[in-house]
2 protein chains.
Amino acid sequence: MIESGELAVPPATVARLPHYLRALRALRALRDLQADGVRTTSSSELADASGVGSAQLRKDLSYLGSFGTRGVGYDVASLTTVIAGALGLEVTHRLAIVGLGNLGHALANYSGYSKRGFQVVALLDVAPGIVGTQAAGGLVVEHADDLEKVVERESVSMAVLATPGPVAQAIAERLVSAGVRDIPSFAPVALQLPEDAVVRSVDVAGELQILAFHAAARAAAASAANA
Amino acid sequence: MIESGELAVPPATVARLPHYLRALRALRALRDLQADGVRTTSSSELADASGVGSAQLRKDLSYLGSFGTRGVGYDVASLTTVIAGALGLEVTHRLAIVGLGNLGHALANYSGYSKRGFQVVALLDVAPGIVGTQAAGGLVVEHADDLEKVVERESVSMAVLATPGPVAQAIAERLVSAGVRDIPSFAPVALQLPEDAVVRSVDVAGELQILAFHAAARAAAASAANA
DNA sequence: TAGATTGTTAATCGATTAACAATC
DNA sequence: TAGATTGTTAATCGATTAACAATC
């Protein structure tokens with residue numbers, strides 16, 4: 001359970017809240033298009049749009065409170081507000097991106113941050129050819145040596161790790177010392193950090209390998225069927 | 001459980017195999033550097049390097065078979081082979097990337113595929129300014145209208161979805177019809193596909209929002225402590 | 001033999017699902 | 001009132017962890 005004020009929300013539920021938020025926004029766009037006055041949704045409609053079961057959706061929402069009307073459903077707009085609020089998206093999170101290789105650049109150029117409650121306020125790297133250049137949104141890439149200074153100056157609250165694996169651990173430690181506790185990491189290493197730091201690792205190569213396992217399983221099943 | 005030939009491996013275990021593989025390779029590099037003749041590792045060393053507990057590592061390995069020596073540990077090289085084999089990485093998986101925006105480009109330019117058992121064989125998009133241009137590895141971007149043709153010609157076995165959300169569902173359906181069953185998706189939608197398709201969704205914005213939840217929880221705890 | 005470390009068992013814990021009473 | 005749909009309970013299922021016998 002993750003305690004948040006009065007609330008205790010299981011991690012698996014927290015991980016699904018963004019899906020619900022996304023589905024709700026899509027649903028709202030749809031409702032606006034249809035302009036038929038319907039402003040509500042049901043747990044089964046929202047669950048379908050989110051890719052989960054309706055029982056799971058209702059159970060997840062129950063950890064946040066009670067927002068529906070029996071026999072009617074949920075008001076799309078107000079449920080959106082509830083979930084966005086639970087996710088802490090009413091404040092704008094100030095983001096630094098560390099490491100501007102392929103992926104770092106793509107992340108820096110992503111345009112959907114502001115709509116989702118985030119703002120990129122700093123870019124950091126060490127390569128002489130990159131430091132000092134202007135990247136996305138007019139930000140100038142600063143040297144990672146100045147990490148602490150930049151975190152302080154820009155009130156960075158989250159930092160995306162997009163460095164090569166070998167330097168990720170050292171950078172992560174400096175981030176945590178500088179007060180940055182929330183770290184989305186694309187570096188292919190298991191970071192060892194103090195308990196109060198929260199790391200979410202995204203491993204693209206790992207995802208491909210998981211799919212490769214399924215492909216191999218399918219191949220094995222097919223050849224067994226042929227034998 | 002995911003049946004693979006004789007094996008039945010729980011999904012949670014499958015998802016960790018890439019971590020073990022990564023840690024084993026790092027360990028092997030370390031061993032080569034030290035050149036002290038040690039060629040083994042223990043479940044606790046490997047677990048630490050993978051960011052899991054040693055009991056969990058041993059349990060996970062037990063689903064694949066029995067590869068260690070009691071009192072000694074695991075041979076790094078042969079355990080690497082076992083896990084790579086279980087993941088189906090002895091065959092090269094032929095990858096198409098659909099959608100060459102920010103993220104698609106970054107994925108196309110990623111250089112680590114071959115080392116991990118993958119090869120990018122096709123790039124697809126619809127934008128007139130992008131189709132026909134040369135991107136990573138000398139590949140020419142082809143039009144997504146020709147998706148079925150390209151899948152067939154290049155024997156594509158996996159396709160990375162990096163398109164905008166609204167077109168992802170249609171593209172995914174065409175991929176599955178064309179015989180592509182394994183789909184890593186970066187599109188922010190819940191894809192509705194037949195059972196035999198396997199989709200792994202990577203949602204960067206969602207990861208940030210999960211961290212935002214933790215930040216909000218921390219803030220709530222801090223203000224409670226001050227009251 | 002003594003020490004180390006695996007592979008497995010059994011207990012615990014957490015997540016999912018089905019079912020339904022409450023209630024609009 | 002009848003029909004619909006929530007919020008919650010209880011059952012099931014799966015994943016994690018600790019402990020230890022087996023064995024090098």
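Throughout, a chain's letter reflects where its sequence line sits, starting with A, and its residues are numbered from 1.
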In whole angstroms, how far is the [atom2] atom of [N] from the [atom1] atom of [X]?
| X | N | atom1 | atom2 | result |
| --- | --- | --- | --- | --- |
| A:Glu45 | D:dA4 | CD | P | 16 Å |
| B:Ile2 | D:dG14 | CD1 | P | 12 Å |
| A:Arg58 | D:dT8 | CZ | C1' | 10 Å |
| A:Leu79 | D:dG7 | CG | C1' | 14 Å |
| A:Tyr63 | D:dT6 | OH | P | 17 Å |
| A:Leu57 | C:dT16 | CG | P | 13 Å |
| B:Lys59 | C:dG7 | NZ | P | 13 Å |
| B:Asp75 | C:dT5 | CG | C1' | 15 Å |

Exercise for the section: Could you check whether A:Phe67 gets within reach of a base, just the sugar-phosphate, or nothing at all, counting any heavy atom under 4.0 Å? Expected result: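 The residue A:Phe67 makes sugar-phosphate contact but no base contact.
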
Practice task
Remember a base hit wins even if backbone is also touched, and classify A:Gly73 as base, sugar-phosphate or nothing at under 4.0 Å, heavy atoms.
Solution key: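 Sugar-phosphate contact only.
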
Return no unless some side-chain N or O of [X] is found under 4.0 Å from OP1 or OP2 of [N].
| X | N | result |
| --- | --- | --- |
| B:Arg16 | D:dT16 | yes |
| A:Ser42 | D:dT5 | no |
| B:Tyr74 | C:dG7 | yes |

Problem - Validation row: A:Val176, A:Ile183 side chains within 4.5 angstrom (heavy atoms) - result: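 Yes - at least one pair of side-chain heavy atoms lies under 4.5 Å apart.
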
Practice task
Taking the side chain as every heavy atom from C-beta outward, state whether B:Glu173 and B:Leu193 have any atom pair closer than 4.5 Å.
Solution key: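 Of all side-chain heavy-atom pairs linking B:Leu193 with B:Glu173, at least one is under 4.5 Å.
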
Handout entry: B:Phe118 and B:His93 aromatic ring geometry - parallel, tilted or perpendicular at 30°/60° bounds
Key =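 Because their plane-to-plane angle lies in the 30° to 60° range, the rings of B:His93 and B:Phe118 count as tilted.
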
Problem - SB check B:Arg218 A:Asp182 (cutoff 4.0 Å) - result: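 Salt bridge flag = yes for A:Asp182 with B:Arg218.
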
Practice task
Could you check A:Thr69 against A:Asp60 and say which one's nearest nucleotide on DNA chain C is further toward the 5' end?
Solution key: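 Result: A:Asp60.
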
Handout entry: Presence of donor-acceptor pair under 3.5 Å, side chain of A:Arg70 and base of D:dT6
Key =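 Between D:dT6 and A:Arg70, which were checked side chain against base, a qualifying N/O pair under 3.5 Å is present.
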
Practice task
Both distances under 3.5 Å, Watson-Crick or G-U wobble: report the partner of C:dA18, or none.
Solution key: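 In the structure as shown, C:dA18 has D:dT9 as its Watson-Crick or wobble partner.
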
Exercise for the section: Write down the partner of C:dT23 under the Watson-Crick or G-U wobble criteria, each distance required to be under 3.5 Å. Expected result: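 C:dT23 is paired with D:dA4.
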
Problem - Shortest side-chain distance from B:Ala12, nucleotide among C:dT17, C:dT6, D:dA15 - result: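 Output: D:dA15.
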
Handout entry: Interatomic spacing from CG in A:Leu24 to CG in A:Leu46 - rounded to 0.5 Å
Key =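 Answer rounded to 0.5 Å: 4.5 Å.
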
